[in-house]
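Comments concern the structure below.
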There are 2 protein chains.
Amino acid sequence: MANRRSAAHVTAGRDTKKAIHDAAVRLFVAKGFEETSLREIADAVGITKPSLYYHYPSKLELLVAIINPLLDDLKALSEQVAEIAPDADGRRTILRTYLRAMIRHRDAGEMMVRNAVPIVNAVADQFPVVVDANKTLRDWLAGPDPTPVRLLRASAAMEILTVALVSKEVAPDAEDDLVETTLLDAAIAALRPDGE
Amino acid sequence: MANRRSAAHVTAGRDTKKAIHDAAVRLFVAKGFEETSLREIADAVGITKPSLYYHYPSKLELLVAIINPLLDDLKALSEQVAEIAPDADGRRTILRTYLRAMIRHRDAGEMMVRNAVPIVNAVADQFPVVVDANKTLRDWLAGPDPTPVRLLRASAAMEILTVALVSKEVAPDAEDDLVETTLLDAAIAALRPDGE
DNA sequence: GTCTATATACCGATAGAC
DNA sequence: GTCTATCGGTATATAGAC
C-alpha cells in the first residue's frame, strides 16, 4: 500500500491537532503557559504558526482544550458532593474520586498546579464556577462545624492528592493503583490525625 | 519640622525600593510573574518604569530579591539534614523547620508554589542547587530504604506544609502557632499513617 | 532619583497565495 | 492544511535631560 502523503508531510500531517495538543502540554509544564510561545509549539510539531491557528482559534482556546476534561470532572464532583453522607465512608469516596481525576488527567493537572495563577486568571472569565470547586470540596471535607483546625486539615488532605500529579517523578516504579492507595490513606490520616 | 520633599514625592520617595518589592510580590501572586509587567509595578508604586530600573537592574533581579530569603532557609535546611538522626524526633524537627520557613516567608512562598514552573526556570541557571533542595529533603524523609510507598508519603508530608502559605485564606482566624501545630501533626500522620 | 523618549525584539493574530 | 509576509501591540531595557 502506498502512502497518501509525501514523505515530508507524514510526521506533521498524520494527526496534527493531537500533536499540537501534546506538544503544548509538554511545553506548558516545562516552561509555563505565558513563557511558551505559539511559535515554539509550532516548531515542536514541525509546522508554522499560522498552521497552528487552523486547528485552534487562539492560544487561550488551546489551553481550554487541555484543561477542560479535568475541570469537567472536578465540577461534577463538587456538584454531587452535597448528596454524599458526611461520614468516614463518604469522605473516603470524595477523596478517592478527586484522586482518580488527578491520576486520569495527570498532565493537565500538573500543568495547572504548577502554573496556577496564570491559568486560573486566563480561564476565570469563562468558567467562574471552577474557581470555587476546590473551596466547595474543602468546606464539605471540613464538616458542618468548620473550625480553623478542620479547615486546615481538609486543605492538607486535598493537597496530598496533588502528589499524584508528580508520582512518575517521585516514585517511577509505583503503579497507579499503588499511588491511589498510598495517597488516599495518607489524605485520610491527615484529615483525621487522631483517628476520630 | 518641614518635609524635606515636595508633597508630590512623599509617597513614592520615602522608601521606594521596599515599595517596589512589596508591590511586585502582590502582583506576582495575583497575576503571575510573566503576566505582570514592570509598568504595572511602577504604576502601583507611583513611579515610572525607568525609575524602577534605578532600584533593580532587571525584572529577574527583582524576582531573585523576593525569593532569596526563602531559598536561603531551604538551602540551609537541606544541607544540615544529613546530621539529623532519622528517628521520629528528627523527622518532626525537619518538618517543623521547613514549616516555619513557609510561615516566615509566606508571601514569597505563595508566589513560588503558584508560579512554580516560570520562577524555577527563571532562577535555575543562577541557583542550580535550590532546585534539588526539595528532593534532598524528600529522600531524607523517605528514610534509608526508600520504597515507592515511603517516597510518596514523604512527598505528601512536605506538600501539606505548603498549606501554610494560604492559611490566611483557608482559615483567616487561625494564629500562626495553631497553623504550625495543626499542619505539623497532619504531616506526621501522612508520613506514617499506621503510626509506625 | 525621577523623568520623557526611544531602541530592539517578540508576541498573538491575520491576509491571502497555493 | 500549510505556507510567506506582515500588522498592531506590548515587553524589557536604555539614553540622556533635569
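As a basis for the values below, the full set of heavy atoms in this structure was taken, side chains included, without hydrogen atoms, waters or symmetry mates. Convention: sequence-line order gives letters A, B, ...; per-chain numbering from 1.
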Between [X] ([atom1]) and [N] ([atom2]), how many Å, whole number?
X: B/L52; N: D/dA13; atom1: CG; atom2: C1'; value: 11 Å
X: B/Y56; N: C/dG1; atom1: OH; atom2: P; value: 13 Å
X: B/Y54; N: D/dA15; atom1: OH; atom2: P; value: 17 Å
X: B/E35; N: D/dT10; atom1: CD; atom2: P; value: 16 Å
X: B/K17; N: C/dG1; atom1: NZ; atom2: C1'; value: 13 Å

Is the closest side-chain heavy-atom distance between [X] and [Y] below 4.5 Å?
X: B/M112; Y: B/V120; result: yes
X: A/F28; Y: A/I119; result: no
X: A/V166; Y: B/S155; result: no

Give a yes-or-no answer on whether the side chains of A/T48 and A/R39 include a donor-acceptor pair shorter than 3.5 Å.
no

Distance-only check: which donor-acceptor pairs under 3.5 Å involve side-chain atoms of residues 56-69 of chain B, not counting sequence neighbours?
| unit_1 | atom_1 | unit_2 | atom_2 | d |
| --- | --- | --- | --- | --- |
| B/S58 | OG | B/L60 | N | 3.4 |
| B/S58 | OG | B/E61 | N | 3.1 |
| B/K59 | NZ | B/F33 | O | 3.0 |
| B/K59 | NZ | B/T36 | O | 2.8 |

Heavy-atom closest pair (A/A174 atom, B/P148 atom, distance to 0.1 Å) is CB-CB, 3.9 Å

Quick one: is [X] getting a side-chain N or O under 4.0 Å of the [N] phosphate, OP1 or OP2?
X: B/T16; N: C/dT2; value: yes
X: B/S51; N: C/dG1; value: no
X: B/T48; N: C/dC3; value: yes

Along nucleotides 6-18 of chain C, 5' to 3', which nucleotides get a B, which get an S, and which get a -, given that the test is a protein heavy-atom distance under 4.0 Å?
-----SBBBB---

